[in-house]
2 protein chains.
Amino acid sequence: MKTGQKSTIHDIARKAGVSPSAVSAALNGSWEKRRLSRTTVERILEVARSENYSVNLQARGLRQARSGLAGMVLPDHENRYFAELSQCFAAEAHARGLCPAIVHAGRDAAEQLRSVESLIAYAVDLVMIAGASDPPALAQACRDAHVAHVFVDHPCAEAPSVVSDNLSGAAELTRRLLSDMAPPEAGDPAGWLYFLGGAAHLPASSERIRGFRAEAGAAGALFDAEAQIRACGYESHRAEAELAALCDRLGRLPAGLFVNSIGCFEGVVRFLGGLSEDAIAACTFGCFDYDPFGTLLRFPLRMVRQRADLIVAEAYRQLDAGASGPRLVRIAPDLL
Amino acid sequence: MKTGQKSTIHDIARKAGVSPSAVSAALNGSWEKRRLSRTTVERILEVARSENYSVNLQARGLRQARSGLAGMVLPDHENRYFAELSQCFAAEAHARGLCPAIVHAGRDAAEQLRSVESLIAYAVDLVMIAGASDPPALAQACRDAHVAHVFVDHPCAEAPSVVSDNLSGAAELTRRLLSDMAPPEAGDPAGWLYFLGGAAHLPASSERIRGFRAEAGAAGALFDAEAQIRACGYESHRAEAELAALCDRLGRLPAGLFVNSIGCFEGVVRFLGGLSEDAIAACTFGCFDYDPFGTLLRFPLRMVRQRADLIVAEAYRQLDAGASGPRLVRIAPDLL
DNA sequence: TACCCTTGCTTCATCGATTGAGCAAGCCCC
DNA sequence: GGGGCTTGCTCAATCGATGAAGCAAGGGTA
């Protein structure tokens with residue numbers, strides 16, 4: 001390596017007095033199958049070590065029509081849940097001897113498609129897609145390229161998908177909140193449980209809303225779905241404004257609040273900043289998401305923690321199974 | 001693409017009735033230089049589109065001895081600051097037409113080295129390393145491979161590095177906390193300002209401690225450095241225990257607390273959970289790190305926010321400049 | 001007519017590793 | 001001593017894209 005150039009199997013071959021193919025076999029472990037003698041292999045390895053050789057993975061990948069890269073596309077990392085997903089994804093990729101290539105593609109469908117195509121162009125061995133805006137288009141691109149793919153968080157109707165069990169998670173949280181509250185009565189809207197935040201047209205939110213409806217309905221606590229379910233979007237300030245409007249109508253905080261997502265919850269906490277301890281204590285809070293500071297607030301908070309670890313593990317299992325058709329797996333989240 | 005195989009420039013060439021090199025030139029934009037006629041190029045592009053062609057980046061990378069990959073190594077993503085770093089890194093890589101390959105390598109030096117070598121084996125065009133445990137070894141590997149590299153968060157003495165200005169950031173936070181507190185007196189340890197958390201042997205913490213010492217010293221508020229500076233590590237439970245011990249000694253919360261890192265702050269908040277409002281109100285809190293929930297706590301908190309965006313931008317600037325020798329740039333953090 | 005220049009392509013080597021096919025030497029056995 | 005087997009390697013094609021060099025046809029010029 002004094003030459004300043006990376007050494008290749010040809011350099012090693014020359015110095016060891018063998019052919020490049022012998023070097024290749026010695027280095028990648030196929031030497032027994034190729035009947036190289038142990039002494040030759042040791043000589044080669046010795047030279048390789050002294051030359052500080054490292055294989056060119058692009059060349060290998062080109063030859064083998066694979067790359068050893070594991071691709072993941074996700075909107076961003078600011079979200080704790082996505083950060084956890086990517087962390088788990090990378091850990092498992094690593095355990096499989098793959099190199100994780102993680103691309104932040106935002107929420108724009110075209111941008112996500114370009115990211116997936118770019119990963120495909122690198123001949124990634126698999127693709128995991130989180131929070132897809134237009135799942136079918138991405139699935140199509142992967143299918144065309146014969147790349148194993150799986151969706152997480154936001155499912156795809158035409159490909160293997162692994163998501164949190166939003167329905168039962170929401171139902172469970174709802175049940176818990178209702179059991180923590182005084183039994184609501186039809187005539188007293190301030191005593192009801194409200195659902196706040198999220199976008200009803202997205203799968204995750206819609207499932208959570210279904211769970212909320214079903215459970216609240218079963219408990220006789222759903223009096224006016226229109227009023228009780230306020231899917232005002234995911235931005236914190238929208239949630240803040242929505243809650244402010246609600247309090248204005250009710251004359252006080254409602255008895256129970258099911259907040260959909262940690263982002264919305266930030267808005268809620270901001271709003272609560274202006275209220276008295278007593279006013280806050282009269283409300284039971286739940287959030288469908290997790291943040292370590294959630295347990296450290298001045299009021300009790302039930303949180304649903306999505307199991308990024310289990311979701312990613314199951315997603316890899318789907319990839320292993322080679323499934324490419326539609327298949328939706330739901331992973332139960334934890335209630336804290 | 002009905003064949004089920006990815007099409008190559010050879011396929012396109014055949015269908016367009018030209019040579020593969022003409023296809024290559026047409027597709028990568030060098031056709032004018034190569035004097036292809038516009039009509040031929042258009043025919044080629046038409047065929048390529050209909051074949052749904054996409055270039056094999058491994059082949060291109062092999063030929064050109066580069067990959068179009070931008071590599072980043074970092075310990076993990078659970079930390080908000082690292083998450084932001086990776087986010088900014090990916091955004092800028094993207095803007096440059098590079099594909100970000102982000103590897104979580106943990107804190108283990110050997111593991112980090114393997115990750116860097118792996119990226120090098122993919123012929124990444126640049127490497128950004130955050131939170132390196134053994135910077136010189138990683139720098140060595142990059143230098144040997146002639147790969148542009150830069151360190152962030154944890155600097156390297158032998159390579160370009162960009163870090164937060166921990167010294168002045170800590171000094172500023174210290175000054176602010178002292179101005180928010182009643183002037184401490186030598187005889188009353190409970191009235192002093194304390195520094196909690198971090199590892200004194202790490203560059204970031206040691207700089208922050210220097211900043212704290214200097215500022216507290218200048219303000220005449222450093223009475224017993226040994227007692228006032230408690231770099232008990234980064235884990236939240238260590239900080240919790242340390243604070244508990246301190247309160248035990250003092251008989252109450254100190255008048256001021258400079259918490260080094262958000263993780264430690266979690267421990268602090270946990271401890272505060274057992275105290276009364278009044279006890280907490282008597283203490284002035286600051287944290288060298290940022291979390292959106294920090295502003296939502298029941299007591300005021302000054303936070304120092306590290307500018308991941310500026311750090312990454314400067315790091316890319318160092319890469320562009322082609323510097324490979326030692327060079328340490330400090331980026332001033334924000335005080336909130 | 002001979003020469004040069006431009007235009008518009010093609011040919012072929014190349015990047016580095018892999019791998020099926022093949023070859024030479026040595027040994028065994030009848 | 002000839003056929004067959006094993007051992008231990010080498011040869012050469014291959015993956016797909018690139019680009020330097022070259023070539024043929026046509027136009028212009030002397």
Side-chain angles (χ1 to χ4, degrees), chain A residues 1 3 5-45 47-48 51-68 120-125 145-146, chain B residues 1 3 5-44 48 51-68 118 120-123 125 145-146:
Chain A
M1 283 294 295
T3 71
Q5 286 310 301
K6 289 224 59 151
S7 56
T8 71
I9 52 170
H10 297 272
D11 303 327
I12 309 290
R14 199 162 6 83
K15 305 212 178 172
V18 295
S19 72
S21 60
V23 176
S24 171
L27 291 170
N28 68 26
S30 67
W31 59 273
E32 280 197 295
K33 192 165 55 193
R34 295 185 64 96
R35 297 188 316 226
L36 298 196
S37 69
R38 190 175 302 271
T39 56
T40 305
V41 169
E42 275 159 10
R43 181 159 36 95
I44 292 172
L45 292 181
V47 174
E51 289 282 302
N52 195 14
Y53 172 83
S54 89
V55 66
N56 181 324
L57 291 173
Q58 294 202 95
R60 170 183 290 173
L62 174 59
R63 180 60 222 261
Q64 299 187 329
R66 48 185 303 285
S67 64
I120 289 172
Y122 279 108
V124 292
D125 297 351
H146 300 96
Chain B
M1 283 294 294
T3 70
Q5 287 309 303
K6 288 224 60 151
S7 55
T8 71
I9 52 170
H10 298 272
D11 303 327
I12 310 290
R14 197 161 11 80
K15 305 213 179 173
V18 295
S19 72
S21 63
V23 176
S24 171
L27 290 170
N28 68 26
S30 66
W31 59 273
E32 279 197 296
K33 194 165 54 194
R34 312 273 312 270
R35 297 190 316 228
L36 298 197
S37 70
R38 191 176 298 274
T39 57
T40 305
V41 169
E42 274 160 11
R43 182 158 35 95
I44 293 171
E51 289 282 302
N52 196 14
Y53 172 82
S54 90
V55 67
N56 181 323
L57 291 172
Q58 294 203 97
R60 169 183 291 173
L62 173 59
R63 182 59 222 262
Q64 300 187 330
R66 50 186 299 287
S67 64
S118 166
I120 289 172
Y122 279 108
D125 296 350
H146 301 96

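As a basis for the values below, the full set of heavy atoms in this structure was taken, side chains included, without hydrogen atoms, waters or symmetry mates. Order of the sequence lines sets the chain letters (A, B, ...), proteins ahead of strands, with each chain counted from 1.
- Counting to the nearest Å, the C1' atom of dG16(D) and the CD atom of Glu51(B) are 15 Å from each other.
- Looking at Ser30(B), its side chain never comes within 3.5 Å of a backbone N or O of Lys33(B) through a donor-acceptor pair.
- Side-chain contact between Arg34(B) and Ser21(B): present, with at least one pair of heavy atoms (C-beta onward) separated by less than 4.5 Å.
- Residue Ser19(B) places at least one side-chain N or O under 4.0 Å from the OP1 or OP2 atom of dT10(C).
- Going from atom NZ of Lys33(A) over to atom C1' of dT6(D) covers 19 Å, rounded to whole Å.
- With contacts defined as side-chain heavy-atom distances shorter than 4.5 Å, the pair Leu57(B)/Ser67(B) does not qualify.
- Tyr53(A) contributes no side-chain N or O that, together with a main-chain N or O of Asp11(A), makes up a donor-acceptor pair within less than 3.5 Å.
- Residue contacts shown for Ser37(B) are limited to sugar-phosphate atoms, with no base heavy atom under 4.0 Å away.
- Arg60(A) comes within 4.0 angstrom of the backbone, heavy atoms only, and of no base.
- Atom CD1 of Ile9(B) and atom C1' of dT14(C) are 13 Å apart (whole Å).
- One finds the CD atom of Gln58(A) at 11.0 Å from the CZ atom of Arg60(B) (value rounded to the nearest 0.5 Å).
- Comparing Val55(B) and Arg35(B) by the nucleotide of DNA chain D whose heavy atom lies nearest to each, the residue mapping closer to the 5' end is Val55(B).
- Near-neighbour residues of DNA chain D inside residues 20-31 of chain B, defined by a heavy atom below 4.0 Å, number-ordered: Ser21(B), Ser24(B), Asn28(B).
- Rounded to a whole Å, the NE2 atom of His10(A) is 16 Å from the P atom of dA13(C).
- For Gln64(B) and dA20(D), the CD to C1' distance is 14 Å, given to the nearest whole Å.
- The shortest distance between side-chain heavy atoms of Thr8(A) and Asn56(A) does not fall below 4.5 Å.
- Taking only side-chain nitrogens and oxygens, Tyr53(A) comes nearer than 4.0 Å to OP1 or OP2 of dA17(C).
- Summarising the geometry, the separation between OH on Tyr122(A) and C1' on dG16(D) is reported as 15 Å, rounded to the nearest angstrom.
- Residue Gln58(A) is classed as having no contact, given no heavy-atom separation below 4.0 Å to the nucleic acid.
- Nearer to the 5' terminus of DNA chain D, by closest-nucleotide assignment, is the contact made by Leu36(A) (compared with the other of Leu36(A) and Ala59(B)).
- No hydrogens or angles were tested; on distance alone, nothing pairs the side chain of Arg34(A) with the base of dT7(D) as donor and acceptor under 3.5 Å.
- The closest side-chain heavy-atom distance from Leu27(B) to Val55(B) is not below 4.5 Å.
- The side chain of Val18(A) sits closest to dT10(D) out of dG19(D), dT19(C), dT10(D).
- Put simply, CG on Leu62(B) is 4 Å from C1' on dC15(C), counting in whole angstrom units.
- Computed from coordinates, the Ile120(A) CD1 to dG16(D) C1' distance equals 17 Å when rounded to whole Å.
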